[in-house]
Amino acid sequence: MPKYDFGKIEKKWQKYWRENRIYEPDFNNSKNPFYNLMMFPYPSAEGLHVGNMYAFTGADIYGRMKRMQGYDVFQPIGLDGFGIHSENYALKIKAHPMEQAKVSEKRFYKQLEMIGNGFAWEEKLETYDPEYYKWTQWIFVQMFKRGLAYRAKAPVNWCSSCKTVLADEQVVAGRCERCGSFVEKRELEQWFFRITKYAEKLLKNLEKIDWSERVKIAQKNWIGKSEGALIKFPIPNSQISIKEIEVFTTRPDTLYGATFIVISPELAKSWMGNDWRAPGEVKKYVAKALENRSEEQKEKTGVFTGIYAINPATKEEIPVWVADYVLAGYGTGAIMAVPAHDERDMEFAKKFGLPVSNAPLEDKDKIIQKVGGRKKTQYRLRDWLISRQRYWGPPIPLVFCETCKKRAEISSSKFIVSKQQRKDFNRGELENPGWVAVPEENLPVELPFVKNFQPKGKGESPLASDKSFYETKCPKCGGKARRETDVSDTFLDSAWYYIRYPSVNAKQDSLETRNSKLEIPWNRKITRRWLPVDLYTGGAEHSVLHLLYVRFIALALHDEGLLDFGPSDAPKGEPFPKFRAHGLLIKEGAKMSKSKGNVVNPDEYIKRFGADTLRMYLMFLAPFEYGGDFRDAGILGISRFLERVWKLFSNKRQETKNIDKGLERKIHQTIKKVTEDIESLHYNTAISALMILLNEMEKQKSTSRASLTVFLKLLAPFAPHIAEELWEKFGNKSSIHKEKWPDYDSKLINEETIDLVIQVNGKHRATISVSRGLSEKEAVKLVLGDKKVKEALGKAKIRKTVFVKNRLINFVTDLT
RNA sequence: GCCCUCGUGGUGGAACGGCAGACACGCGAGCUUUAGGAGCUCGUGCCGAAAGGCGUAGAGGUUCAAAUCCUCUCGAGGGCACCA
């Protein structure tokens, strides 16, 4: 037998797999579909990162076992290449993103093939492909038409380095998730998706989906539900039109201790916008606070407004202050301050010499009723800011028309409008007068090649300088109109890719709506058969980004009757009943980063050791969900292992009729262990079990063909190429990856004799070999005859005997 | 500040409440004419010559029995963070 030439073997089988369509399921007729999905990569860096490979390999091993267990596994691959990450990379290397995309695509797909995963290549997709983003725009249109997209002016996050607005989810500790620059607040008009409408559903469904606990908790915190009450504080003898202040509190029971009110600068400003003639000092404070509203915690500041309100419980007059520690976007923008029960209020009270009252607590419900308040549930979650002032994304498929604005305003007014008039406009058009959706049949709105694609930084996308792009006709009235020039957030691209995959090569499907036929981006029958996804794997860093958006979009499309998944244990419309977050791969104790120069390039290692070795090494480091520490030295262990496997199959192929009992038992134990460990993603211990089995087999003079067959099958998910090669050398004509996964016989697993541990007062004193199933009576008799035990017991009297069958016996003696 | 997760040899990590350290890496000794990033055998938690003792961040507790369960402290990582 020749030596183990992994380079040649790996190439050979990768070609074979593709040509023979080994990993292509039958989408229309599959009886046993299993959708094994891994988050697709964004090709922004120099090439595939070993972290990507780690994640993909982990998902692949699971998929390969499922395939051998008789499932029709679908494991798609694609590129999330639209959006700011790829654009920033293009900017950095001074390339045009549209051209760079083609370069990255080629490179990534080549690398992704080299790692030996069972990808269904024929269903690959790229988010920047017009054939794909046509449908991303279609989703935007559906959201708009159904009142789930709206335009509003609001203080939003602005990254001055990326020169665009960002969603709250993309701001991490006050910094831009992409570039790390500090994010500032700017008052801008932007497009939002109404994710807050789904706050409760997104929260409640978490209980019924099987996800990594840490991710569920992160989502729960992000949604941030609090139950409390709205309570009104009247303003007596009010000189202005504001007659009362309503506050939100989670502690209505502390109302008797509320000794002052604090309103946010934003609320103060809106009062001034009415008829409040605020003192100069207040005006100054508010202006300053609004201009410089930092997220950082700092010393409390504030001013007295001169206004007094009445505490509805004590009937006492309390002062109203304005301070920037009260947020505008949460609750009513005003709070009742209870220094005795709230640290922040206490800090404020101390600083400004306000009274502190230690009033007793009341019953929550009673006090709410007494003062005429009402219960209120509040969420921390904000709407999803979806527009971006960048170039490399799907243009938002909307058009602004002055003529239609007036008509829509009339139609949306409460005055008498005929039903027909109202029907002329969808909800989005009524809520956003002047904005008209591009009709579905005119999609995609293609992203033009713009030479100067660099972000402008004036709150406008580069498309705003392309006249030929934005000048258009209103699809509604045919008049002169202007296209929206912002593009949508990358996270919209990735919010639905998994629905598209199974339908990439499917027949175009449509839905009957009231007055027309609506083309849809997925085949309904296939979608019902393959979705929801059976197992979704990805990084925990997407806990409140992708993983929240993707659920929202699926639930919304589902509620709007556009999408219909097949049955699952999860609530209807949940895309991922089971999600597992893989861990982070680090290098010698440190995070991999280009600045540290410790980024592992998988290509090099594949060249030196082979993809199979690298795959197994990555999986051997630690449990898949923990992550792992990549150390160069360690890979030799796996390299040796596979070399020894190769040798075993070269040298010990003699047929043996007499199967060694001990080996047979070991084989069945290994089948059980490997099967269970793959199921729970404990690949490290599965590999260890294979090593133990190999050690055993090497000790045998000869090994039966049946044993070797089992070994190869168990190895196949981890090292798919070498397993395939040895399988062929065994004379098989079809792929090992389509073979049946071995079963174990639980009767053959148990050893006939076991080591019984003998303890005296909980201390291990001896171990004796006894036959399995030995009774307590027999055990005591046997054990008490043991010399060591006698010694240990000495003269002490046995007070109690604890016997655990097939495991241990513990004598508890009187203390002497 | 609040919430979550985790602390085990020189290293990565094993361990249904029941023999702590599986499997590897590294290291040590030996074998093999052996220059290859080789292979094979044995050893390798700490103290001790041994018997034995001590050991899972630290301190308590529950239990016949604790790395595992409970309480507190310390440390690391992650999420939220002036959200009333």
Side-chain angles (χ1 to χ4, degrees), chain A residues 172-174 212-226 228 247-252 254 258 262 264 294-300 323-338 341-345 347-348 378-382 540-541 543-544 584 586 588-589 591 608-609 616-617 620-623 626-641 643-644 647 682 684-692 694-695 698 755-767 799-804 806-813:
Chain A
V172 179
S212 301
E213 206 53 36
R214 54 183 162 148
V215 174
K216 289 214 262 189
I217 287 162
Q219 291 212 353
K220 197 177 159 196
N221 288 344
W222 187 258
I223 295 166
K225 181 178 182 173
S226 357
V247 305
F248 173 74
T249 178
T250 54
R251 298 292 308 275
T254 65
V262 189
S264 63
S294 78
E295 298 279 310
E296 279 167 283
Q297 206 161 331
K298 48 169 190 192
E299 209 184 320
K300 300 260 178 306
D324 69 356
Y325 82 92
V326 175
L327 304 175
Y330 187 80
T332 61
I335 61 156
M336 61 180 214
V338 187
H341 288 279
D342 187 290
E343 270 182 49
R344 296 154 302 180
D345 296 345
E347 194 191 326
F348 194 78
Q378 187 72 42
Y379 299 91
R380 217 196 62 92
L381 183 72
R382 314 281 168 82
E541 70 273 16
S543 298
V544 293
L584 189 72
I586 57 171
E588 273 146 31
K591 227 174 173 170
R608 274 167 65 191
F609 300 100
M616 276 190 99
Y617 174 59
F620 185 58
L621 290 171
Y626 285 32
D629 192 352
F630 193 103
R631 279 162 203 267
D632 279 345
I635 198 166
L636 289 173
I638 298 288
S639 184
R640 282 174 201 148
F641 170 75
E643 289 282 0
R644 280 164 55 206
K647 253 186 223 162
H682 288 112
N684 58 332
T685 46
I687 292 169
S688 140
L690 288 171
M691 288 171 166
I692 294 169
L694 178 69
N695 290 344
E698 281 178 336
D755 290 337
L756 188 74
V757 171
I758 302 157
Q759 297 182 337
V760 176
N761 292 324
K763 290 207 171 179
H764 178 216
R765 288 300 168 195
T767 307
R799 191 161 53 84
K800 189 179 172 184
T801 306
V802 180
F803 180 71
V804 183
N806 296 331
R807 199 170 292 274
L808 65 74
I809 186 158
N810 185 13
F811 298 108
V812 186
T813 66

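Note that the structure is a prediction, hence the values are computed from the model and not measured. Residue numbering restarts at 1 for every chain, and letters A, B, ... go by the order of the sequence lines.
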Notebook entry, point to check: Within 45° of the ring axis of A/F348 and under 6.0 Å from its six-membered ring centre, is that where the NZ or CZ of A/K300 lies?
Noted result: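 Relative to the ring axis of A/F348, which defines the angle, A/K300 lies outside at least one limit.
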Heavy-atom pair of closest approach, residues [X] and [Y]:
{"X": "A/A622", "Y": "A/G628", "answer": "CB-CA, 4.4 Å"}
{"X": "A/I638", "Y": "A/M691", "answer": "CD1-CE, 3.7 Å"}
{"X": "A/D345", "Y": "A/V338", "answer": "OD2-N, 2.9 Å"}
{"X": "A/Y617", "Y": "A/R631", "answer": "OH-O, 2.8 Å"}
{"X": "A/L327", "Y": "A/S264", "answer": "C-CB, 4.0 Å"}

What's the closest nucleotide to the [X] side chain, out of [options]?
{"X": "A/D342", "options": "B/rA84, B/rC40, B/rC16", "answer": "B/rA84"}
{"X": "A/V812", "options": "B/rA15, B/rC64, B/rG12", "answer": "B/rC64"}
{"X": "A/W222", "options": "B/rA84, B/rG26, B/rA81", "answer": "B/rA81"}
{"X": "A/L808", "options": "B/rG18, B/rA84, B/rC19", "answer": "B/rG18"}
{"X": "A/A633", "options": "B/rG26, B/rG39, B/rA14", "answer": "B/rG26"}
{"X": "A/R380", "options": "B/rC16, B/rC80, B/rC4", "answer": "B/rC80"}
{"X": "A/K647", "options": "B/rA84, B/rG39, B/rG12", "answer": "B/rG39"}
{"X": "A/K300", "options": "B/rC19, B/rC82, B/rA84", "answer": "B/rC82"}
{"X": "A/V804", "options": "B/rA84, B/rA15, B/rG18", "answer": "B/rG18"}
{"X": "A/T685", "options": "B/rA22, B/rA84, B/rC19", "answer": "B/rA22"}

Checking all strands, does [X] fall into the base, sugar-phosphate, or nothing category for heavy-atom contacts under 4.0 angstrom?
{"X": "A/Q759", "value": "base"}
{"X": "A/N810", "value": "base"}
{"X": "A/R644", "value": "sugar-phosphate"}
{"X": "A/D345", "value": "nothing"}
{"X": "A/S543", "value": "nothing"}

Any strand: nucleotide that pairs with [N] via Watson-Crick or wobble, under 3.5 Å:
{"N": "B/rG37", "value": "none"}
{"N": "B/rC6", "value": "B/rG75"}
{"N": "B/rU63", "value": "none"}
{"N": "B/rA20", "value": "none"}
{"N": "B/rU44", "value": "B/rG26"}
{"N": "B/rU56", "value": "none"}
{"N": "B/rG1", "value": "B/rC80"}
{"N": "B/rA49", "value": "none"}

Does [N] have OP1 or OP2 sitting under 4.0 Å from an N or O in the side chain of [X]?
{"X": "A/Y330", "N": "B/rA84", "result": "yes"}
{"X": "A/R640", "N": "B/rC23", "result": "no"}
{"X": "A/N761", "N": "B/rA65", "result": "no"}
{"X": "A/K763", "N": "B/rG52", "result": "no"}

If you measure from the [atom1] atom in [N] to the same atom in [M], how many Å do you get, rounded?
{"N": "B/rC80", "M": "B/rC72", "atom1": "P", "answer": "25 Å"}
{"N": "B/rC16", "M": "B/rG53", "atom1": "C1'", "answer": "30 Å"}
{"N": "B/rC46", "M": "B/rG28", "atom1": "P", "answer": "15 Å"}
{"N": "B/rA57", "M": "B/rA20", "atom1": "P", "answer": "16 Å"}
{"N": "B/rG78", "M": "B/rC69", "atom1": "C1'", "answer": "25 Å"}
{"N": "B/rG77", "M": "B/rA66", "atom1": "C1'", "answer": "25 Å"}
{"N": "B/rG58", "M": "B/rA49", "atom1": "P", "answer": "26 Å"}

Margin query: With a 6.0 Å cut-off (strictly less than), is the heavy-atom count around NZ of A/K220, excluding the residue itself, greater than 12?
Written below: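 Open.
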Whole-Å gap separating [atom2] ([N]) and [atom1] ([X]):
{"X": "A/H764", "N": "B/rA66", "atom1": "NE2", "atom2": "P", "result": "15 Å"}
{"X": "A/L694", "N": "B/rG39", "atom1": "CG", "atom2": "P", "result": "13 Å"}
{"X": "A/E643", "N": "B/rG39", "atom1": "CD", "atom2": "P", "result": "9 Å"}
{"X": "A/E343", "N": "B/rG1", "atom1": "CD", "atom2": "P", "result": "9 Å"}
{"X": "A/R631", "N": "B/rC23", "atom1": "CZ", "atom2": "P", "result": "21 Å"}
{"X": "A/R214", "N": "B/rC6", "atom1": "CZ", "atom2": "P", "result": "11 Å"}
{"X": "A/K216", "N": "B/rC3", "atom1": "NZ", "atom2": "C1'", "result": "16 Å"}
{"X": "A/F641", "N": "B/rA38", "atom1": "CZ", "atom2": "P", "result": "20 Å"}

Check: Judged by modelled atom types alone, do A/N221 and A/R380 share a side-chain donor-acceptor pair under 3.5 Å?
Finding: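 No donor-acceptor contact under 3.5 Å links the two side chains.
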Next item on the list: Answer syn or anti for B/rG53, where the cut-off is 90° from 0 on the glycosidic torsion.
Entry: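 In terms of base orientation relative to the sugar, B/rG53 is anti.
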Notebook entry, point to check: Taking the chi torsion of B/rG9, is it syn (within 90° of 0) or anti (everything else)?
Noted result: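 Chi for B/rG9 falls in the syn range.
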Check: Atom CG of A/N810 and atom CZ of A/R765: how far apart are they, to the nearest 0.5 Å?
Finding: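 Here the interatomic distance stands at 11.0 Å.
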Checklist line | Which residue lies more 5' along RNA chain B, comparing A/N221 with A/G627 via nearest heavy atoms | finding: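 Result: A/G627.
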Check: Does A/S688 or A/F609 map to a spot on RNA chain B nearer the 5' end, using the closest nucleotide for each?
Finding: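 The residue closer to the strand's 5' end, by nearest nucleotide, is A/S688.
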Check: Is there a donor and acceptor pair, one atom on the side chain of A/K220 and one on the base of B/rC3, closer than 3.5 Å?
Finding: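 No such pair is found, so the answer is no.
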